[in-house]
*Asks:* 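Have a look at this one.
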Amino acid sequence: MTTQTYDWLSYAARIGECTSADTLAGIDHELFGRKAGLLTIALKELGTLPAEERRRKAVELNEAKRTLSEAIALRHKTLGNPSGEQLKSEDGIDSSMELPPLSPGHLHLIPEFIRNVEEVFGRMGFDVMTGPEIETEDLNFNLLNIPPEHPARDAQDTFWIQQPATSNQKFVLRTHTSPVQIRYMQSHTPPFRAIFPGKVYRKDADATHSPMFHQFEGLMIGKDINLANMKAVMITAIRELIDKTAEFRFRTGYFPFVEPGLEVDMRWQGEESESREGKWLEIVGCGLVHPNVLKNCNIDADQWQGFAFGFGIERMIMIKHRIPDLRSFYEGDLRFLKQF
Ligand code: PHE
């Protein structure tokens, strides 16, 4: 026995020409009706065919089924379902059913904050550059005026990377974004101003430390750029990025690549502040770029001077949104992430 052969393509044409939902429903029924639908019957009869022919016919019928049901769904959409009637084939598939609305996601707090940083500093004329997360010992330490035996290295618990046999350099996971200062100064001529956001790594873990975190470095070099300029830029940024009433304090700090060096703390806001020891959180190191660092980048330290700073991004966001534990950023818990 052979199944009846139909010109399935002619149905596609009829569907395309359909001008009412009723006619379309009629064609749908004619093809896909549970008992008498032409395709339904043809598919059922496949089982009675000899193997060879069955295989060939199955391909043809399944192709027709897919094409025609898609054509019906599409036509139905174009007709706009004027009668408001649901187009249900007898096997219960409703090709007119609307998809549930998409719920769009949003950026994670950290990249969102970095975009904001780039925008705020962009308005102040700052360039943006990024550097690699695996750095040489030279860029991460030596050229920043931190020689091998310098005690300042202890302040940055470093992940060292096994030295490749082919290299005479030691490598680290960069402990701060400051090496990008060197990269920028080596490839640009002053005057300039730029920021360098990115990931940094230190062997540290508690509520305010994570082995991977984010910083953005700032650098501005000119003929007479001084500490007052630095404070003005930093205060503007803190107010724009956190809030206008953010409380902070500048105090002296030591970093071998700046002289003088300062640190900025911000006050915990809201209820959190009561339980926080000292109520202040260090968020940035800064100062005037040390002449040795300028010299290391072939910049004449008698002609040029300026400032650098390195903000801790997670800590700024913690203050901004009153987040008590920095580890929440990386746990991927939607209940946390959806709040922002
Ligand atoms: N790199 C320093 C740190 O990570 C911060 C800093 C940047 C300090 C620039 C001074 C100037 O602690």
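When a ligand or atom number is given, it counts from 1 through the structure's own listing order. The structure displayed is predicted, hence computed values, not measured ones. We number each residue from 1, following the sequence as shown.
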*Asks:* Only pairs under 3.5 Å count here: list side-chain donor-acceptor contacts from residues 235-246, not counting sequence neighbours, and write none if there are none.
*Replies:*
from   : atom 1 : to     : atom 2 : distance (Å)
Thr236 : OG1    : Ala232 : O      : 2.6
Glu240 : OE1    : Arg123 : NH2    : 3.3
Asp243 : OD1    : Thr245 : N      : 2.6
Asp243 : OD1    : Thr245 : OG1    : 2.7
Asp243 : OD1    : Ala246 : N      : 3.0

*Asks:* Could you tell me, atom by atom, which parts of ligand 1 come under 4.0 Å of a heavy atom of Gly310?
*Replies:* 6 (C), 7 (C), 9 (C)
*Asks:* Tell me: protein heavy atom nearest atom 3 (C) of ligand 1, and distance?
*Replies:* Arg202 NH2, 3.6 Å
*Asks:* Could you list the atoms of ligand 1 found under 4.0 angstrom from a heavy atom of Ala308?
*Replies:* 9 (C), 11 (C)
*Asks:* Using a 4.0 Å cutoff against the non-hydrogen atoms of Cys286, which atoms of ligand 1 qualify?
*Replies:* 8 (C), 10 (C), 11 (C)
*Asks:* Ignoring hydrogens and angles, state whether a donor on the side chain of Tyr11 or Glu30 is under 3.5 Å from an acceptor on the partner side chain.
*Replies:* yes
*Asks:* Just by distance, with hydrogens left out, do Ser210 and Asp204 show a side-chain donor and acceptor under 3.5 Å apart?
*Replies:* no
*Asks:* Which ligand 1 atoms are under 4.0 Å away from a heavy-atom of Phe257?
*Replies:* 1 (N), 2 (C), 6 (C), 7 (C), 8 (C), 9 (C), 10 (C), 11 (C)
*Asks:* Compute the shortest N/O to N/O distance between Glu217 and ligand 1 and return yes if it is under 3.5 Å, no if not.
*Replies:* no
*Asks:* Purely on distance, is any nitrogen or oxygen of Gln181 under 3.5 Å from one on ligand 1?
*Replies:* no
*Asks:* Applying side-chain contact (heavy atoms from CB on, under 4.5 Å) to Thr208 and Asp206, what does each step give before you reach the verdict?
*Replies:* CA-CA 6 Å; Thr208 52; Asp206 62 37; 3.3 Å; yes
*Asks:* So, Phe329 versus His214, ring centres under 6.0 angstrom or not?
*Replies:* no
*Asks:* So if I apply the side-chain contact (heavy atoms from CB on, under 4.5 Å) rule between Phe307 and each of Ile221, Val233, Leu262, which one comes out positive?
*Replies:* Val233
*Asks:* Which of the atoms of ligand 1 are close to Gly285, meaning less than 4.0 Å from one of its heavy atoms?
*Replies:* 6 (C), 7 (C), 8 (C), 9 (C), 10 (C), 11 (C)
*Asks:* For Val258, counting its heavy atoms only, list the atoms of ligand 1 lying under 4.0 Å from any of them.
*Replies:* 10 (C), 11 (C)
*Asks:* Out of all atoms in ligand 1, which are within 4.0 Å of some heavy atom of Gln215? Include the element for each.
*Replies:* 3 (C), 4 (O)
*Asks:* Locate the shortest heavy-atom distance separating Ser178 from Leu144; write the atom from each residue and the value.
*Replies:* CB-CD1, 3.6 Å
*Asks:* Would you kindly say whether Glu137 and Gln169 are connected by a side-chain donor-acceptor distance under 3.5 Å?
*Replies:* no
*Asks:* Identify, by atom number and element, the atoms of ligand 1 in contact range of Ser178, meaning under 4.0 Å from any of its heavy atoms.
*Replies:* 1 (N), 7 (C)
